[in-house]
Amino acid sequence: MSRYNVKETEARWQAEWDKRGCFAAREGGTKPKYYVLEMFPYPSGRIHMGHVRNYTLGDVVARYKRAKGFNVLHPMGWDAFGLPAENAAIQNKVHPAKWTRENIAAMRDQLKSMGLSYDWSREVATCEPDYYRHEQKMFLDFLKQGLVYRKESWVNWDPVENTVLANEQVIDGKGWRSGVAVEKRLLAQWFLKITAYAQDLLDELDRLDRWPERVRLMQENWIGRSEGLRLTFALEGRDQGVEIFTTRPDTLFGASFLAIAANHPLAQELARNDALLAAFVAECNRMGTSEEAIETAEKKGFDTGLKAIHPFIAGRTVPVYIANFVLMDYGTGAIFGCPAHDERDLEFARQYGLDVIAVVAPAGADPATFAIGDTPYLDDGRLIHSDFLNGLNVAQAKKAAIERIEQMGQGHRTVNWRLRDWGVSRQRYWGCPIPIIHCASCGIVPVPEKDLPVVLPEDVGFDKPGNPLDHHPSWKNVPCPTCGKPARRETDTFDTFFESSWYFARFCAPVEGQAFTKSAVDYWMPVDQYIGGIEHAILHLLYSRFFTRALKDCGYLSVREPFAGLLTQGMICHETYRGADGAWLFPTEVEKGADGRTVQTGSGQAVAVGRSEKMSKSKKNVVDPEGIIATYGADTARLFMLSDSPPERDLDWTEAGVEGAWRYINRLWRMASEPPQPIAAIGQPMPDLTPAGLALWRLTHKTIAGVTDDLDRFHFNKAVARIRELSNGLADLPPDTPGLGWLERNVLEVIVRLAGPMVPHLGEALWRELGHDDLLVDAAWPLPDPALLVDDTIVVAVQVNGKLRGELSLPLDVDKTIAEREALALANVQAAMAGKAPKRVIVVPNRIVNVVV
RNA sequence: GCCCCAGUGGCGGAAUGGUAGACGCGGCAGACUCAAAAUCUGUUGACCGCAAGGUCGUGUUGGUUCGAGUCCGACCUGGGGCACCA
């Protein structure tokens with residue numbers, strides 16, 4: 001018996017594809033182009049199961065489209081700048097560049113062992129100057145185009161480490177390493193005007209019809225367009241008023257306070273002369289910058305003592321608070337509070353004993369008695385207690401209130417966006433230097449294009465806190481390009497989303513001297529199918545959409561949208577294990593004991609098995625793909641990734657599931673290498689077949705049609721199920737079936753071609769075993785014979801009052817009256833009708849007959 | 001807190017509003033074997049029944065429909081995102 005040798009087979013065909021350059025992409029030709037791209041990985045050191053899933057999905061699409069006759073581009077590279085490299089530098093005393101390059105080399109080998117159909121000649125690493133130099137030029141072009149500006153912005157500041165912290169480095173309001181309370185600090189930073197494209201980014205979402213609905217919704221909410229009113233409240237005893245933004249100008253008569261952000265200029269001003277207030281502002285600033293931290297914190301306010309004058313009610317004033325739930329970045333950093341019709345405002349009002357005045361009541365409610373209890377009234381209704389607005393509905397009242405304010409000259413209708421401009425400055429070393437020089441006399445001076453790239457120096461140390469670029473003597477201090485006097489470089493680097501916002505374009509033509517050639521980008525872009533994790537649903541995808549527009553407006557390329565199709569995969573989960581001492585255990589540290597219970601390997605102690613959760617290092621419920629590939633081969637890992645769950649859902653990694661995939665691969669190999677009858681030669685005419693043989697041949701064509709449809713819709717798990725069904729059908733034929741040799745040849749060839757994109761190494765091996773000299777990767781996708789897709793008889797279900805009572809075998813498209821007559825004649829149907837006459841009979845052709853009595 | 005998604009056998013899942021549970025995993029029984037592994041065959045939602053067949057069943061609950069896992073409303077549970085992780 002010729003046992004399937006995975007190691008040898010996989011290595012052999014990987015070498016063969018490589019030798020022949022099967023996956024090198026070239027522009028042009030008569031075939032339609034197809035660009036399939038998976039999100040490139042951060043080179044953390046080893047691939048994890050999430051990568052295996054992501055890249056398997058992409059590879060199936062790439063190989064399938066190639067077989068279907070497309071000119072496919074399928075590249076891979078490395079998102080190589082980022083925080084983990086710096087953390088490794090500090091913890092392990094290894095330079096980020098060395099660490100990153102070694103990780104890339106290791107991960108490239110791992111990816112190559114998966115047999116992925118990449119055009120490796122296009123590989124890029126974003127940490128190399130020949131990559132990032134182009135984005136420095138882009139930044140300068142954006143600057144010329146008016147898409148870049150500088151402003152002060154708040155960051156998490158660790159006062160001990162003297163450094164800016166990422167949100168993930170802030171744990172319970174404290175620095176992860178120092179353990180001291182994090183402060184907010186203002187720093188001058190660079191911003192890209194993504195808000196200039198807000199309307200366009202929103203409008204175009206509707207046309208991204210091959211994106212998941214939920215991703216589009218998340219982006220829509222993120223962009224957060226809202227129409228409302230900007231209104232300036234005058235303050236008693238002060239010249240300057242406070243400008244607020246509201247989406248509910250209809251509730252102005254219910255206003256009972258104003259609230260401004262702790263970072264609002266007015267709050268800053270007042271805090272200078274008020275120690276208590278300054279302490280409160282400082283407390284707010286310790287909260288962290290994330291929206292989650294702000295929204296979940298207890299609502300707190302500080303009464304400034306100032307009174308704001310109500311625009312509509314003569315003599316009415318409301319107190320002005322500084323509140324921890326008002327965001328400086330949204331609207332004007334100030335709101336008016338109407339507790340009756342807003343949840344946060346109500347909570348705040350109850351806490352500080354402020355008025356709750358209902359100004360909208362449900363239709364039919366009595367204005368005299370309608371009152372707000374524990375919950376605000378948020379629905380539409382009729383305006384009450386609101387002077388000229390009384391009796392209007394919410395929409396009418398908004399319009400009327402805005403018009404009145406505009407007449408008074410105190411404000412105007414406006415569109416507000418939740419979307420904020422993209423802050424791209426990072427106070428970090430391991431990133432792309434921002435090509436700017438600060439000169440005492442000339443101010444901000446862009447690095448001249450002839451001086452690009454600004455290369456990130458590698459001779460730095462990590463022993464001092466803060467950004468190493470700040471302590472670098474020669475790199476930081478340079479003459480001003482304009483006046484020649486001593487100046488200093490910008491020491492901030494770009495957000496790493498910068499690199500990932502255009503890498504898809506670079507892949508089209510990773511040439512020297514320019515970011516990409518326009519002709520190549522115009523040929524390949526947009527990406528036809530982009531595949532990656534749902535965790536990138538907003539930021540990366542939105543930044544890339546913005547960046548593509550900005551590049552277009554600077555003349556780099558011709559498309560507006562980078563990704564025409566998007567598939568977001570679910571996460572990989574695994575059971576969790578804890579030993580007797582409560583410590584997490586790796587799956588490799590546990591085994592099934594003799595009694596079927598899970599025990600710790602070696603000690604034999606009982607292990608508590610927890611539910612399946614997202615694989616994470618902290619819970620140790622991770623499985624290393626390298627071990628799986630070494631034991632079972634890449635095809636097994638790939639097949640399991642595809643067969644058990646639809647791609648967008650989470651996938652449970654189980655040893656049993658892997659075993660199942662492994663068994664199936666060996667089963668297919670045996671079917672070809674040890675067939676019950678000799679396999680017929682290539683090209684033999686179809687012999688006379690038995691009814692069972694003919695049914696299998698029909699099933700073969702239905703499988704071609706079904707798998708094709710499944711792959712087009714990314715239903716890979718169903719495609720695998722169909723292929724298994726077909727191979728079960730072939731195996732179920734008795735060994736003496738006439739014409740079996742012909743069926744083996746023709747059914748197996750279909751199975752091999754359909755399964756080829758999923759298990760490419762096995763596919764090539766079987767293709768050769770079946771006597772072909774060419775490669776399966778060059779074979780065309782099979783086409784079904786339409787005549788074999790329809791059956792002449794159909795089994796139709798018969799119901800009485802919606803309950804299944806029997807089945808009927810009927811000719812295809814039989815006349816309704818015949819179906820009805822046959823259904824009523826069934827003994828079981830008669831029994832269920834209990835002698836009653838049918839009131840109505842519903843006949844759905846070729847599907848169901850329902851008798852209603 | 002806000003936004004989004006998902007709940008179907010012991011498990012992963014399948015099902016254009018039309019026979020719920022395809023396919024796989026696991027279990028059980030059997031064949032092969034000195035034995036084991038591998039492989040093959042049968043069986044497998046629950047309950048009642050010798051059987052034919054029947055009753056129940058897609059997180060909970062109400063509705064629309066001849067017919068609901070699928071559509072609508074309310075709720076429960078789990079998961080993801082929330083702008084310096086990538």
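Chain letters run A, B, ... following the sequence lines, proteins first and then strands; every chain starts at 1.
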Can you check whether A/Asn717 has a side-chain N or O nearer than 4.0 Å to OP1 or OP2 of B/rA14?
->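 Indeed, a polar side-chain atom of A/Asn717 lies that close.
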A/Lys299, NZ: over 12 other non-hydrogen atoms inside 6.0 angstrom |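 Yes.
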The side chain of [X] lies closest to which of these nucleotides: [options]?
{"X": "A/Ala656", "options": "B/rA86, B/rG18, B/rC25", "answer": "B/rC25"}
{"X": "A/Val844", "options": "B/rC23, B/rG18, B/rA83", "answer": "B/rG18"}
{"X": "A/Leu217", "options": "B/rC4, B/rG53, B/rU55", "answer": "B/rC4"}
{"X": "A/Arg663", "options": "B/rU16, B/rC84, B/rG26", "answer": "B/rG26"}
{"X": "A/Leu804", "options": "B/rC5, B/rA20, B/rA86", "answer": "B/rA20"}
{"X": "A/Arg840", "options": "B/rG26, B/rC5, B/rC66", "answer": "B/rC66"}
{"X": "A/Arg805", "options": "B/rU55, B/rG26, B/rA14", "answer": "B/rU55"}
{"X": "A/Arg426", "options": "B/rG24, B/rC84, B/rA83", "answer": "B/rC84"}
{"X": "A/Asn850", "options": "B/rC23, B/rG18, B/rA14", "answer": "B/rG18"}

Determine the Euclidean distance between corresponding C1' atoms of B/rG67 and B/rG63; express it in Å to zero decimal places.
-> 15 Å
With C1' as the reference atom in both, quote the distance from B/rC2 to B/rG59 in angstrom, rounded to an integer.
-> 24 Å
Which part of the nucleic acid, if any, lies within reach of [X] when heavy atoms closer than 4.0 Å are counted: base, sugar-phosphate only, or nothing?
{"X": "A/Val795", "answer": "base"}
{"X": "A/Lys839", "answer": "nothing"}
{"X": "A/Glu725", "answer": "sugar-phosphate"}

Can you check whether any acceptor in the base of [N] is under 3.5 Å from a donor in the side chain of [X], or vice versa?
{"X": "A/Gln189", "N": "B/rC84", "answer": "yes"}
{"X": "A/Arg722", "N": "B/rC23", "answer": "no"}
{"X": "A/Asn221", "N": "B/rC3", "answer": "no"}
{"X": "A/Glu648", "N": "B/rC5", "answer": "no"}

Heavy-atom distance under 4.5 Å between the side chains of A/Asp79 and A/Met39, does that happen here?
->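 They are not in contact (no side-chain heavy atoms under 4.5 Å apart), so the answer is no.
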Report the distance from atom CZ of A/Arg53 to atom C1' of B/rG12, rounded to the nearest whole Å.
->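 Result: 11 Å.
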Integer-rounded Å distance: B/rC3 P and A/Leu539 CG | 19 Å
Return the nucleotide paired to B/rG69: Watson-Crick means purine N1 to pyrimidine N3 with N6-O4 or O6-N4, wobble means G-U with N1-O2 and O6-N3, both under 3.5 Å.
->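 Partner of B/rG69: none found under 3.5 Å.
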Look through every strand shown and name the nucleotide pairing with B/rA83 as Watson-Crick or G-U wobble, where both distances are under 3.5 Å.
->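 The base-pairing partner of B/rA83, which may sit in any strand shown, does not exist here.
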State whether A/Glu86 and A/Arg428 are salt-bridged, where the test is any N-O pair (Lys NZ or Arg NE/NH1/NH2 against Asp/Glu carboxylate O) under 4.0 Å.
->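 Salt bridge flag = no for A/Arg428 with A/Glu86.
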Syn/anti state for B/rG26 [syn: chi within 90° of 0] = anti
